[in-house]
Amino acid sequence: MDVHQARAVEDARAANAEWAELAPALAVKAPSAAYNKALRLRAAAMHNPAQPDRPVRRTPEAVLLAEREAAAKIAAERRAEEEATRRHALMTPVARRLLEHRADLDDDDDVTFWLDQIEAVLPHCETPTQFVSLGIYVKAVARGLQKGGMAQASEDAQAAYEGAVAVVSA
């Protein structure tokens with residue numbers, strides 16, 4: 001019931017209804033009381049970010065705090081997604097260069113395995129999981145090349161390796 005009332009209040013406010021007009025419908029006398037009751041009604045539809053197994057306290061302060069925490073969590077997730085997209089934009093050309101110079105780099109079973117993984121995921125790399133996988137594979141190639149050495153690598157292959165090291169250490 002509270003959820004439906006909260007939604008009705010949101011709809012009324014979206015239609016430019018004043019708090020004074022909503023006060024009688026919320027069984028309060030003052031516009032400020034209508035505002036506070038609307039906040040308390042919103043608590044019924046919320047989850048407590050600090051303690052998910054407990055509901056949000058039905059006080060205006062607790063509701064506002066829960067809304068701020070939820071907004072902060074959404075903003076942090078959005079920033080993480082943007083960072084992953086940015087890193088992927090840097091990772092893709094580096095992975096392509098590694099594959100282009102595979103013949104000069106591919107001298108070790110580990111490096112061969114990880115280059116095969118890059119080759120498999122790169123053409124279809126669209127999801128966040130695939131972005132992360134590509135980063136892991138490039139890092140593994142860089143680590144394998146670092147262990148195995150780059151003695152016979154061409155200048156271009158050396159540059160591809162250095163690009164991979166730069167991207168994975170950033």
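- Rounding to the nearest 0.5 angstrom, the gap separating the CZ atom in R143 from the CD1 atom in I136 is 9.5 Å.
- Identified under the ring-ring contact (aromatic ring centres under 6.0 Å, His included) test for residues 59-79, with sequence neighbours left out: none.
- Legend: residues meeting salt bridge (Lys or Arg N to Asp or Glu O under 4.0 Å) with E83, ordered by chain and number and at least two apart, are R86.
- When the side chain to side chain donor-acceptor pair (under 3.5 Å) test is applied to E162, the partners found at least two apart in sequence or on another chain are Q158.
- Considering only residues two or more places apart in sequence or on other chains, R57 meets the salt bridge (Lys or Arg N to Asp or Glu O under 4.0 Å) condition with none of them.
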Listing, residues 117-132 side-chain donor-acceptor contacts under 3.5 Å, not counting sequence neighbours, or none:
unit_1 : atom_1 : unit_2 : atom_2 : d
E119   : OE1    : R102   : NH1    : 3.1
T127   : OG1    : Q130   : N      : 3.2
T127   : OG1    : Q130   : OE1    : 3.3
Q130   : OE1    : E126   : N      : 2.8
Q130   : OE1    : T127   : N      : 3.0
Q130   : NE2    : H124   : O      : 3.2

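- Distance CG/L26 to CG/L41: 6.5 Å, rounded to 0.5 Å.
- Residues passing the side-chain contact (heavy atoms from CB on, under 4.5 Å) test with A33, sequence neighbours excluded: V28, A30.
- Residues in residues 13-27 take part in no salt bridge (Lys or Arg N to Asp or Glu O under 4.0 Å) pair, two or more places apart or across chains.
- Applying the salt bridge (Lys or Arg N to Asp or Glu O under 4.0 Å) test to residues at least two apart or on different chains, the pairs with a partner in residues 24-44 are R42-E67.
- Sorted by first then second residue, the ring-ring contact (aromatic ring centres under 6.0 Å, His included) pairs that include residues 7-44, not counting sequence neighbours, are W19-Y35.
- Taking the side chain as every heavy atom from C-beta outward, Q146 and Y161 approach each other to under 4.5 Å.
- Two residues are said to be in side-chain contact when any heavy atoms from C-beta on lie closer than 4.5 Å; T59 and L39 fail this criterion.
- Annotation for G135 and V168: closest pair O-CG1, 4.3 Å, computed over non-hydrogen atoms.
- For the side-chain contact (heavy atoms from CB on, under 4.5 Å) test, residues two or more places apart in sequence or in another chain that qualify with A75 are R78, R79.
- Using a 4.5 Å heavy-atom cutoff, the side chains of L145 and V111 are in contact.
- Distance check, rounded to the nearest 0.5 Å: CG of D11 to NE2 of H4 gives 12.5 Å.
- A ring-ring contact (aromatic ring centres under 6.0 Å, His included) check over residues 51-83, counting only residues at least two apart or in different chains, returns nothing.
- Between A142 and A164, the closest heavy-atom pair is CB-CB, 4.4 Å.
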Check: residues 89-96 side-chain donor-acceptor pairs under 3.5 Å, at least two apart:
unit_1 : atom_1 : unit_2 : atom_2 : d
T92    : OG1    : H88    : O      : 2.9
T92    : OG1    : H88    : NE2    : 3.1

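- With a 6.0 Å radius and a threshold of 12 heavy atoms from other residues, nucleotides or ligands, E77 has its CD atom above the threshold.
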